[in-house]
Asks: 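Quick one: the structure is below, questions incoming.
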Amino acid sequence: MRLLFALILSLASGSMSAAPVLSVTEVAPGVYVHLGVHELPDTKNHGAIANIGFIVGERCVAVIDTGGNPRQGKSLKLAIEHTTSKPVCYVINTHVHPDHIYGNTAFKAPGVQFVGHQKLARAMATRGLYYIDKAADQLDVKLTADDIIPPDIAVKDHLDLDLGGRTLKLTAHRAAHTDNDLTVYDERTDTLWISDLLFIEHLPVIDGSLKGWLAELKTLESHAYKTVIPGHGPIVTDWPKSMQPEKAYLEMLLTEIRDMIKQGKYMEEAVETVGYSARGQWRLFDEFHRKNVTTAFAELEWEN
């Protein structure tokens, strides 16, 4: 009797700790998104802050980013299983940042191929040990090397993925938000999954190239899309109007930092003075702006 009682308690405990079904919204036919939150990754949200989701074809499913921890990846997998009986065939990581890749291990299975920018594997290898070391302290998430899964398919320029009656067009971008940004375009619904090349409300974060990011936005701005899915923030249906605040912020950094460099000013002064007119316009400004100025200054001081 005691053994049976212990078994019941064990099963109950296990069910309480099991991953829940992730909430997703169908933002276009067959395109499902879970919206993240505007928070720093920490031990309360466990890094689950980004927009992630999946696209369903007639043959199979493509996952686009897997979340900020393995449990969120499992929750996303459950959401897929509750939505369709089609199997997952591709897991697309849009870039290397933890909030987009830490759920990968939930999808590692026969028949599933991981897809990313041609520079993604190198970025994962370079940052992997640091990510694993910091995850426990910063996110209260235990990771191993098995959780950092590099792509099986590397995208150099462009790549088409056939989900069965549905073609996804992947584009590998030049250094911008990171040096391994990948976007996904769904022809059927005219939906661009732009990920962290677009931040809405959340301050844009530079981990690649300021000039490269502005160049990519100029190219993307010339196209019309019915639906755009940013990496952080609400779904966009008024492209390219919705990307103007981000563009304006990045252009302000470019202009003000260049002016300071011409005046012979140093990075330390730039960090304290550049861009603060935008402070009230963005969430998490104080958490990321100084780093943006530092990254951009280091790039621009050598451009001539």
Side-chain angles (χ1 to χ4, degrees), residues 36 41 47-55 61-70 72-73 76-77 88-109 111-135 139 141 143-161 163 168-186 192-199 204-210 212-213 215-217 219-220 229-232 295:
I49 60 172
N51 296 344
I52 62 176
F54 56 95
I55 299 176
V61 176
V63 178
I64 305 181
D65 291 332
T66 58
N69 59 72
Q72 190 182 31
L76 177 59
K77 186 178 181 182
V88 172
C89 52
Y90 298 109
V91 173
I92 302 167
N93 287 143
T94 61
H95 60 290
V96 74
H97 288 159
D99 49 328
H100 297 261
I101 68 169
Y102 277 4
N104 279 3
T105 187
F107 296 94
K108 192 169 179 60
V112 178
Q113 292 182 292
F114 288 77
V115 186
H117 192 287
Q118 65 169 347
K119 294 183 179 180
L120 178 59
R122 184 183 67 184
M124 285 179 166
T126 301
R127 301 184 182 202
L129 291 178
Y130 175 80
Y131 280 176
I132 293 167
D133 181 57
K134 294 299 180 182
L139 306 178
V141 173
L143 297 179
T144 71
D146 291 337
D147 293 303
I148 311 297
I149 301 175
D152 305 302
I153 301 173
V155 184
K156 182 178 181 181
D157 296 303
H158 303 279
L159 177 71
D160 289 354
L161 296 180
L163 306 184
L168 303 183
K169 294 188 171 293
L170 279 57
T171 299
H173 296 268
R174 77 184 81 181
H177 169 61
T178 68
D179 73 351
N180 49 89
D181 297 313
L182 193 72
T183 56
V184 181
Y185 177 66
D186 174 43
L192 178 68
W193 204 305
I194 196 171
S195 192
D196 280 16
L197 286 178
L198 178 64
F199 285 70
V205 179
I206 306 169
D207 189 24
S209 166
L210 172 61
W213 199 339
E216 291 304 301
L217 289 180
T219 299
L220 291 163
I229 303 169
H232 299 269
T295 302

Asks: Begin with the C-alpha distance, continue with both residues' side-chain angles, and end with the deciding distance and a verdict on side-chain contact (heavy atoms from CB on, under 4.5 Å) for Tyr102 and His97.
Replies: CA-CA 9 Å; Tyr102 277 4; His97 288 159; over 6 Å; no
Asks: Rounded to the nearest 0.5 Å, how far apart are CG of Asp65 and CG of Asn93?
Replies: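 The CG atom of Asp65 sits 5.5 Å away from the CG atom of Asn93.
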Asks: In Å and rounded to the nearest 0.5 Å, what is the CG to CG distance from Leu220 to Leu192?
Replies: 6.5 Å
Asks: Could you check Asp196, Thr66, Asn51 and say which one makes a side-chain hydrogen bond (donor to acceptor under 3.5 Å, both in side chains) with His100?
Replies: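 Among Asp196, Thr66, Asn51, the one meeting side-chain hydrogen bond (donor to acceptor under 3.5 Å, both in side chains) with His100 is Asp196.
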Asks: Please report the closest heavy-atom contact between Gly67 and Gln72, naming both atoms and the distance.
Replies: CA-OE1, 3.1 Å
Asks: Are the side chains of Val141 and Pro70 in touch, meaning some heavy atoms are under 4.5 Å apart?
Replies: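 A side-chain contact exists here, since the closest heavy-atom pair is under 4.5 Å.
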Asks: Is it true that the side chains of Thr178 and Asp207 contain a donor and an acceptor less than 3.5 Å apart?
Replies: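 No, because no side-chain N or O of Thr178 sits under 3.5 Å from a partner of the opposite role on Asp207.
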Asks: Run the side-chain contact (heavy atoms from CB on, under 4.5 Å) check on Thr171 and Tyr185 step by step: do they pass?
Replies: CA-CA 8 Å; Thr171 299; Tyr185 177 66; over 6 Å; no
Asks: Which atom names give the shortest non-hydrogen contact between Trp213 and Pro204, and what distance separates them?
Replies: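 Nearest pair, atom of Trp213 first, then Pro204: CH2-CB, 3.9 Å.
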Asks: So which heavy atom on Ile92 is nearest to which on Leu161, and how close?
Replies: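 Nearest heavy atoms, Ile92 then Leu161: CD1-CD1, 3.9 Å.
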Asks: Judged by atom type as modelled, is there a donor-acceptor pair below 3.5 Å linking the side chain of His177 to the main-chain atoms of Gly208?
Replies: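 Looks like no, no N/O pair under 3.5 Å.
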Asks: Which side-chain N or O atoms in residues 112-119 pair as donor and acceptor under 3.5 Å with protein atoms at least two apart or in another chain?
Replies:
from	atom 1	to	atom 2	distance (Å)
His117	ND1	Lys119	N	3.0
His117	NE2	His173	O	3.0

Asks: Show the nearest heavy-atom pair for residues Leu143 and Ala135, with the distance to one decimal.
Replies: CD1-CB, 3.7 Å
Asks: How long is the span from the CG atom in Leu159 to the CD1 atom in Ile153, to the nearest 0.5 Å?
Replies: 6.5 Å
Asks: Determine, stepwise, if the pair Glu216 / Asp181 fulfils side-chain contact (heavy atoms from CB on, under 4.5 Å).
Replies: CA-CA 10 Å; Glu216 291 304 301; Asp181 297 313; over 6 Å; no
Asks: Is the closest side-chain heavy-atom distance between Leu210 and Thr295 below 4.5 Å?
Replies: no
Asks: Would you give the length of the straight line joining atom OG1 of Thr144 to atom CG of Asp147, rounded to the nearest 0.5 angstrom?
Replies: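 Those atoms lie 4.5 Å apart.
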Asks: Measure the CZ-CZ distance between Arg127 and Arg122 for me, rounded to the nearest 0.5 Å.
Replies: 10.5 Å
Asks: Could you give the distance from CG (Leu197) to OG1 (Thr183), rounded to the nearest 0.5 Å?
Replies: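 Answer for the CG-OG1 pair, Leu197 versus Thr183, is 6.5 Å.
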Asks: Which atom pair, heavy atoms only, marks the closest approach of Gly68 to Leu139?
Replies: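 Gly68 and Leu139 have their closest heavy atoms at O-CD1, 4.2 Å.
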Asks: Find out whether Leu163 and Leu168 are in side-chain contact, i.e. whether some heavy atom of one side chain is under 4.5 Å from a heavy atom of the other.
Replies: yes
Asks: Going by the rule side-chain hydrogen bond (donor to acceptor under 3.5 Å, both in side chains), which residues pair with Asp99 if we only count those two or more places apart in sequence or in a different chain?
Replies: His232
Asks: How close do Ser209 and Ala175 get, heavy atom to heavy atom, and via which atoms?
Replies: CB-O, 3.5 Å
